[in-house]
Amino acid sequence: MYRYLDGLNEKQREAVEHLDGPLMIVAGAGSGKTKVLTTRIAHLMKLGVDPFNILALTFTNKAAAEMKERIEVALGNSEAKNLFIGTFHSVFARILRNEATKMGYPSNFTIYDTDDAKGIIKDIVKERNLDDKIYKPAYVYNRISAAKNSLIDAAAYRVDHHIQQEDQRSNRPQMADIYETYAFRCYRNGAMDFDDLLFKMYELLQKFPEVLAKYQHRFKYILIDEYQDTNTAQYAIIKMLGAVHENICVVGDDAQSIYSFRGATVQNILQFQTDYDDVKVVKLEQNYRSTQSILNVANNVISNNANQIPKELWTQNNIGEKIVIVRTMTDNDEGKFVADAIKEQQMRNHYTNKDFAILYRTNAQSRSFEESLRRMNIPYKLYGGTSFYQRKEVKDMLAYLRVVVNTRDEENIKRIINYPARGIGKSSVDKVIVAAHEQQKTFWEMIEHGSGNGKIDDFVMMIKSFQVMLQTKNAYDVAFAIGKHSKLVLEHYNDKTVEGLARYENVQELLNSIKEFTETPDEEGELLDKSLGSYLQQISLQTDTQNEDEESIDVVKLMTIHSAKGLEFPCVFSVGLEETLFPSAMSLYDREGLEEERRLFYVSITRAKERLWITYANSRYRFGSLVQNDPSRFLKEIPPMYLDLAFTGMSNKADTSVGSAFGNRGGGNAGYGAPKDGFDKVPSLKKLADKLSSAKQAPAPHQPSSDFVADDAARIMKGHKVEHQKFGFGQVMNIEGGAANPIATIDFGAGHGVKKIMLNYAKLRILGD
DNA sequence: GAGCGATTAATTTTT
DNA sequence: TTAATCGCTC
């Protein structure tokens with residue numbers, strides 16, 4: 001009767017057919033987790049549950065899209081359209097958009113990505129005259145992010161004893177102030193960062209019981225994918241939303257928890273059984289993906305971790321090929337080896353490009369593989385990295401669109417007010433900012449009714465004209481007009497360099513994507529929101545440009561292990577297995593960090609279906625210079641019996657015998673004569689010496705007087721005592737160059753000495769003569 | 001104020 | 001290696 005149930009094994013079927021009450025599915029790698037989730041949803045719908053009442057949350061857009069598609073296939077109709085399936089962030093953004101005004105946000109609130117957020121933090125640190133070496137934007141951002149993900153707001157942060165101690169100890173006493181300012185500024189800008197989408201969602205449900213009740217009753221069934229990667233905020237939200245029906249189904253694998261840096265805590269999955277009464281637990285332990293060899297290696301590696309839910313992955317698949325470990329001399333050799341091996345496998349075993357994936361720890365590692373693949377004419381696709389939407393020219397264009405939709409967004413106003421250059425300088429902008437903050441107004445409110453600055457007024461008129469268009473024109477027409485009248489497109493068009501051309505094309509591509517968005521017809525029964533605001537919201541959460549028909553393009557895939565989670569490939573290269581790279585240097589200090597790296601390695605191994613190569617290089621270029629690394633400690637955790645020792649692919653260059661692969665670096669690298677210690681010390685000593693010899697006493701920067709006002713350059717005469725904003729106090733020795741372009745020779749004394757200053761540009765205050 | 005070369009600092013993973 | 005900032009010139 002339910003044919004789709006036939007393809008399930010006993011355990012899978014048990015999970016699908018459990019209808020009401022909390023359910024935890026512990027799903028090992030390759031055990032058919034997505035199949036179970038999608039079949040379960042389809043089954044619920046077959047049994048009459050309204051798709052409108054089902055909420056399914058995933059971590060990536062890719063996973064959400066795949067789930068939706070598979071349900072459609074299972075059901076054979078378009079009922080799936082009404083399901084609420086998406087990433088945590090996108091689903092909450094949608095809900096927040098509906099309820100935003102309750103929280104004092106515009107419904108078209110802007111979503112700030114990490115770069116936007118770091119930019120604001122940078123500004124704040126600068127404004128407070130703090131050292132940006134200590135208050136590094138990335139550090140501050142991560143700390144604020146961690147707080148939000150633990151549901152700690154700025155006020156709670158300030159009074160949290162433990163946190164305060166940490167900040168004192170790390171010499172960052174002003175963290176709480178920065179957090180508070182940052183949070184306020186986002187709010188004032190009508191913007192939320194990624195973490196706010198969770199944090200504000202929590203706040204919304206907390207503060208507005210009627211909103212909570214609405215969604216509690218709406219979501220009768222809640223399903224959560226990758227539960228091991230949820231953080232405290234996500235956990236709390238789910239708990240609230242599910243409290244009425246308690247039909248919560250979580251799927252996860254503690255062995256694949258790899259997002260603790262984003263606040264994820266494995267505790268959520270470990271504790272699930274104690275959170276609810278009568279939790280049904282189903283373990284999926286049969287692996288359908290990998291060969292026995294691959295699975296054996298994976299099991300051996302992960303068994304080195306202490307904290308685990310006990311389970312044993314097994315498979316009926318063939319033993320398959322042994323795993324190949326390859327050592328190369330340099331990262332370039334590593335790239336070359338991989339490209340060679342791909343070619344060879346294609347010849348010998350009839351694989352095509354898309355059967356291969358190269359998985360690495362950090363995005364920076366992609367370079368050598370790209371080069372070698374290109375050299376051998378093997379088509380590839382790079383996933384992740386700086387995405388399309390992070391490119392400067394795209395962000396510039398998006399900044400215009402965002403400002404037009406949400407004028408509270410000071411950050412983006414600042415970005416575009418003088419780009420393309422229209423003669424509105426930093427000082428004019430700063431003047432507005434100071435005045436606005438004094439009067440408790442937003443930047444836009446300050447200038448929208450005239451600013452006393454003709455150029456700013458022109459800018460305001462232009463933005464307003466775009467806003468008028470918003471009423472009658474579609475998103476594409478507005479965007480096109482913005483590109484044209486802001487002269488942004490022209491700016492790129494006039495740049496005839498190769499990069500300029502690329503930028504022009506990227507902006508055109510952005511416009512195309514808006515056009516596509518606008519022209520996608522509404523599905524039956526579903527009226528899609530085609531406003532510019534809706535478009536912006538959607539793309540803000542789209543980090544990967546998930547292009548058309550992923551499956552059909554025949555290319556080798558390059559990505560980080562993190563982005564490979566949930567995917568599988570016939571042939572996998574897990575590369576860069578070196579100490580300080582994988583495991584990363586950042587993780588070496590504590591057991592948890594190291595175990596997470598090991599889980600990451602586990603994830604990379606279990607992506608492979610048929611063949612697996614593990615590679616590492618003796619030395620590689622990092623931050624511009626060659627460094628040597630020991631082989632990763634994880635390699636020692638693989639019993640040699642699973643390894644293929646015969647095949648090296650580069651037998652003349654790379655020594656892949658297990659003996660030398662593990663540890664005794666002296667063996668095979670005679671070409672790099674210098675022992676490790678000497679090698680490491682030379683450059684650092686040299687650097688130090690350079691620093692000492694060139695250490696000039698930098699003059700202390702001049703703090704301009706608080707009442708500093710520049711005087712008219714024409715009034716400055718020989719012999720005047722003057723103050724310069726940067727160089728401090730000095731005396732005019734001489735003036736030359738004629739009235740049109742007078743140049744003064746000024747003696748600023750010991751600190752800065754004698755300088756020639758062009759009076760038309762410099763800001764000088766006359767103190768007397 | 002703006003544009004351009006030169007120096008220098010920085011690299012974990014992502015929604 | 002590359003992105004970002006610095007500092008110089010017009």
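Each chain gets a letter, A, B and so on, in the order its sequence line appears, and its residues count up from 1.
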Side-chain N,O ([X]) to OP1/OP2 ([N]) below 4.0 Å:
X      : N      : result
A:N61  : B:dT14 : no
A:N149 : B:dT15 : no
A:S427 : B:dG1  : yes

For [Y], is there an ion pair with [X] - N to carboxylate O distance below 4.0 angstrom?
X      : Y      : result
A:R599 : A:E596 : yes
A:D458 : A:R422 : no
A:E334 : A:R620 : yes
A:E371 : A:R374 : no

Nearest listed nucleotide, side chain of [X], among [options]:
X      : options                : value
A:T560 : B:dT12, B:dT13, B:dA10 : B:dT13
A:S563 : B:dT14, B:dT13, B:dT11 : B:dT14
A:A421 : B:dG3, B:dT15, B:dT11  : B:dG3
A:N363 : B:dA2, B:dT14, B:dA10  : B:dT14

Can the positive tip of A:K200 be found less than 6.0 Å from the middle of the six-membered ring of A:Y202, inside 45° of the ring normal?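 Checked: cation-pi criterion not met.
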Counting any heavy atom closer than 4.0 Å, what does A:Y259 reach on the DNA or RNA strands: base, sugar-phosphate only, or nothing?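 Answer is sugar-phosphate: A:Y259 comes under 4.0 Å of backbone atoms only.
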What contact category does A:D196 fall into here, base, sugar-phosphate, or nothing, at under 4.0 angstrom with non-hydrogen atoms?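 No contact.
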Face-to-face stacking of A:F261 with B:dT13, centres under 5.5 angstrom, angle under 30°: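 Yes, A:F261 stacks on the base of B:dT13, since the ring centres sit under 5.5 Å apart and the planes are within 30°.
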Atom [atom1] of [X] to atom [atom2] of [N]: distance rounded to whole Å?
X      : N      : atom1 : atom2 : value
A:Y141 : B:dA10 : OH    : P     : 20 Å
A:E226 : B:dT14 : CD    : C1'   : 13 Å
A:L57  : B:dT15 : CG    : C1'   : 13 Å
A:L626 : B:dT11 : CG    : P     : 21 Å
A:E596 : B:dT13 : CD    : P     : 13 Å
A:E370 : C:dT1  : CD    : C1'   : 13 Å
A:I417 : B:dG1  : CD1   : P     : 14 Å
A:Q234 : B:dT14 : CD    : C1'   : 12 Å

Using heavy-atom distances to pick each residue's nearest nucleotide on DNA chain B, tell me which of A:H562 and A:I424 is more 5'.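 First, find each residue's nearest nucleotide; the 5'-ward one identifies A:I424.
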If you pin A:S90 and A:S587 to their nearest nucleotides in DNA chain B, which one's is more 5'?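 Whichever sits nearer the 5' end wins; that is A:S587.
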C:dA4 and B:dT13, which share atom name C1', separated by this distance in whole Å: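 Those two atoms are separated by 23 Å.
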For the rings on A:Y259 and A:H562, is their centre-to-centre separation under 6.0 Å?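 Aromatic pair counts; centres sit under 6.0 Å.
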Quick one: does A:T114 reach the base of B:dT15 with a side-chain donor-acceptor pair under 3.5 Å?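 In this structure, the two groups form a donor-acceptor pair.
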